[in-house]
Structures are given as C-alpha cells and as structure tokens.
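The first residue of the sequence shown is numbered 1, and numbering continues consecutively from there. Because only heavy atoms are used, hydrogens play no part in the values below, and waters and symmetry mates are left out as well, while side chains stay in.
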Amino acid sequence: MQRYFSSNIKNNKFILNNDDLYHIKTVMRMKINDLIEVIYNNELYICHLDDSYDAVIDEKIDVLKKSKPYITLCLPLLTDQKFSFVLQKATELGIDEIIPVITERCKVNIKDKEDKKNIRWNKIVKEASEQSKRLDIPKINSVIKIDDLKLEGIKIVCSTREKTKSLKNVLQNLEKCDRMVIMVGPEGGLSSFEEDKLISLGFVPVTLGDNIMRVETVPIFMLSVLNYEIME
C-alpha cells in the first residue's frame, strides 16, 4: 500500500499535495476507493480515495514507536547527485536531521540557489520517507559554517588524522544518550584547522579504519553501525 504525508485535514479527509496527486493518478493509476496510507502528525491512517482524490479516513493504526537517539548528520556540500544520494539513503537508515555544512575543501557553491536546493532536498527526503514507511520526515536545516555547529549530544567527527580511536571504541564506552551528531568531511577531508575547531566544540574524532571511503559512503557506513549498535 502506497504511503503519503499530509499536513492538511478537513472534514475527515486529508488533502494531498499536487505531486502526490500526480503520483496517485498518473504513476500508480489509482481509482476511486483504492486504499492508501497517510501520515499526519506522525500518526498512521488507512484511507480511501474519493472522487476528488482526497484521502477519506477509514481507520487510525496504532504503530509501536521504538526508542532511539535523535541523530543529526552534518554533511558537507556535495555535487547534486552525491548529495541527493546521501539524503535518500540517510533517510532510509533513520536520520532525524541533516545540516548542510560549508567546509574549506567544498567544491560546490550554492550561493543564491539555497532556496531552490532546499525545496529539492525536502522532496527527496519526503519521498524516501514514504518509500521506507517512516512516520516522519527528516528535517533539513539551512546551510551553515563549521563555527556554527554548536549542538547538544554525543558528537562524532570522522577523522583522517585519528589512527587509534575507532567508532567501535566510542560506541562501546557510550552511555545511553538522547542525541547524537555525526560530522562527515568533504572530498579530501577536513583541514587540520577545521578538525581542531570541531574538537573545541566537543566533537570526538574517530577513525573508520585503514580504507579511505568516498564521502557518500561514510554516512551510510556510520548510520548502519549506529542502527546495529544502539537502536532498539
């Protein structure tokens, strides 16, 4: 059953946006009375389509919500293809928030394009949330600089300088926490100045092993490990 998100309810009906309606009518070729899932305020509803293609509520489904830390991914600006790939896969792996970060070695400049990019990014995480049957959509923040990464929680930065302290070491000695922050460097890695700045902001540098991964691989690796180690 296809899943959609709605933020608008009226007379026991959820109003779907134009992109969702196009998907329902043209891509899925759904008809009146076909059933869909709708997420509203992080709650799941089974609905049927009426003759206006509004989603009429049939039943609210109680879903067991598992306890897990709120995880924020700090991601350097990448090319459109790579950034979109990470957004999609990070959403599927349960990320809660994504912060695009400007770093010294970023090769991408989105000056005067951020609003347009943000619309596209939010569409990607929405569709990935629907596909992966999530009850929520990750939050995408405005683009910031490293100096502004003043966040709460357990903070980890992937380092090419650190040689002994692994992600496994950090997680094994980790007490239960409510929030985690992961910082991934750009192609070529973070500069020594940037890494020192992050350490001063409370980030713990970790090595991911001897193999150097592509930037777009690192978040998938990190989130997969976190899913295995700390998610109930």
Check whether Asn122 reaches the backbone of Ile140 with its side chain - one donor and one acceptor, N or O, closer than 3.5 Å. no

Nearest-0.5 Å distance, CG of residue Asn33 to CG of residue Asp51: 9.5 Å

If you apply the rule side chain to side chain contact (heavy atoms under 4.5 Å, CB included), what do you find for Leu73 with Val86, and how did you get there? CA-CA 10 Å; Leu73 172 64; Val86 175; 4.1 Å; yes

Between Gln88 and Ala90, is there a donor-acceptor pair closer than 3.5 Å when you use the side chain of the first and the backbone of the second? no

Answer yes when Lys197 and Glu194 have at least one side-chain N-carboxylate O distance shorter than 4.0 Å, and no when they do not. no

Between the SG atom in Cys74 and the CG atom in Asp148, the distance rounded to the nearest 0.5 Å is 11.0 Å

Does the side chain of Ile220 come within less than 4.5 Å of Met213's, by heavy atoms? no

Taking Thr207's backbone N and O only, do any of them form a donor-acceptor pair with Ser166's side chain (distance below 3.5 Å, no angle check)? no

Any link between Val218 and Ile98 through a network of hydrophobic side chains (Ile, Leu, Val, Met, Phe, Trp, Tyr) touching at under 4.5 Å? yes

In terms of relative ring orientation, are Tyr40 and Phe14 parallel, tilted or perpendicular, with 30° and 60° separating the classes? tilted

Residue pair Phe5 / Arg134: nearest heavy atoms and the distance that separates them: CZ-O, 3.6 Å

Examine Lys25 relative to Tyr53 and say whether NZ or CZ is less than 6.0 Å from the centre of the six-membered ring and inside a 45° cone about the ring axis. yes

Validation row: Phe83, Ile124 side chains within 4.5 angstrom (heavy atoms): no

Do you know the tightest heavy-atom contact between Leu201 and Leu149? CD1-O, 3.8 Å

Checking side-chain polar atoms at under 3.5 Å, does Ser224 have a donor or acceptor matched by the opposite partner on Asn227? no

Could you see if Val215 belongs to whatever hydrophobic cluster contains Phe221? Use Ile, Leu, Val, Met, Phe, Trp, Tyr and a side-chain cutoff under 4.5 Å. yes

About how many Å separate CG of Leu35 and CD of Glu59, when rounded to the nearest 0.5 Å? 10.0 Å

Here's a test for you: under side-chain contact (heavy atoms from CB on, under 4.5 Å), which of Leu190, Ile182, Val206, Val204 qualifies with Val157? Leu190

How close do Ile57 and Cys47 get, heavy atom to heavy atom, and via which atoms? CA-SG, 3.9 Å

Given side chain to side chain contact (heavy atoms under 4.5 Å, CB included), test Ile144 with Lys150 step by step and report yes or no. CA-CA 11 Å; Ile144 65 174; Lys150 298 171 183 177; over 6 Å; no

Which heavy-atom pair separates Glu195 from Pro205 by the least distance, and what is that distance? OE2-CB, 3.9 Å

Point-to-point distance, once rounded to the nearest 0.5 Å, from CG of Asn17 to OG of Ser7: 8.0 Å

Report whether Val101 and Ile199 are members of the same hydrophobic cluster (ILVMFWY, side-chain heavy atoms less than 4.5 Å apart, transitive linking). no

Working to the nearest 0.5 Å, report the span between NE2 of His48 and CD1 of Ile36. 10.0 Å

Kindly indicate whether the side chain of Asn18, heavy atoms from C-beta on, has any atom under 4.5 Å from the side chain of Leu21. yes

When you group the ILVMFWY residues by side-chain heavy-atom contacts below 4.5 Å and let the links chain together, are Val63 and Tyr45 in the same group? no

Between Ser129 and Gln131, is a side chain to side chain donor-acceptor pair (under 3.5 Å) present by the stated rule, with each step listed? CA-CA 5 Å; Ser129 297; Gln131 181 274 326; over 6 Å; no

Could you tell me whether a side-chain N or O of Ser159 sits under 3.5 Å from a main-chain N or O of Arg161, the two making a donor and an acceptor? yes

Can we say Asp136 and Lys65 salt-bridge, meaning some charged N sits less than 4.0 Å from an Asp/Glu carboxylate O? no

Exactly one candidate in Leu16, Asp34, Asp19 meets side-chain contact (heavy atoms from CB on, under 4.5 Å) with Ile24; the answer is Leu16

Quick check: do Ile46 and Met1 have side-chain heavy atoms less than 4.5 Å from each other? yes

Test your reading of the model: is there a side-chain donor-acceptor pair from Lys168 to the backbone of Lys165, 3.5 Å cut-off? no

Minimum heavy-atom distance Leu77-Val108, with the two atoms named: CD1-O, 4.0 Å

Look at atom OH of Tyr70 and say whether more than 12 heavy atoms of other residues, nucleotides or ligands are closer to it than 6.0 Å. yes

Any non-hydrogen side-chain atom of Glu127 less than 4.5 Å from a side-chain atom of His23? no

Whether the side chain of Asn41 engages the backbone of Glu43 through a donor-acceptor N/O pair (distance < 3.5 Å, no angle test) should be reported. no

Smallest heavy-atom separation, Lys155 atom then Leu151 atom, equals NZ-O, 2.9 Å

Transitive ILVMFWY side-chain link Leu93 to Ile154, under 4.5 Å: yes

Are any non-hydrogen side-chain atoms of Met222 and Leu208 less than 4.5 angstrom apart? yes

With Glu187 as reference, evaluate Lys82, Arg105, Arg214 under the side-chain hydrogen bond (donor to acceptor under 3.5 Å, both in side chains) test and give the passing residue. Lys82

Using a strict threshold of under 4.0 Å (side-chain N to carboxylate O), is an ion pair present between Asp96 and Lys68? yes

Which value, rounded to the nearest 0.5 Å, describes the distance between Ile110 atom CD1 and Asp80 atom CG? 9.5 Å

Are Ile146 and Phe193 side-chain neighbours, meaning at least one heavy-atom pair lies under 4.5 Å? no

Verify the neighbour count for atom CD of Glu104: are there more than 12 heavy atoms of other residues, nucleotides or ligands below 6.0 Å? yes

Any heavy-atom pair between the side chains of Glu130 and Asp20 that's under 4.5 Å? yes

Presence of salt bridge, Glu37 and Lys133, under 4.0 angstrom: yes

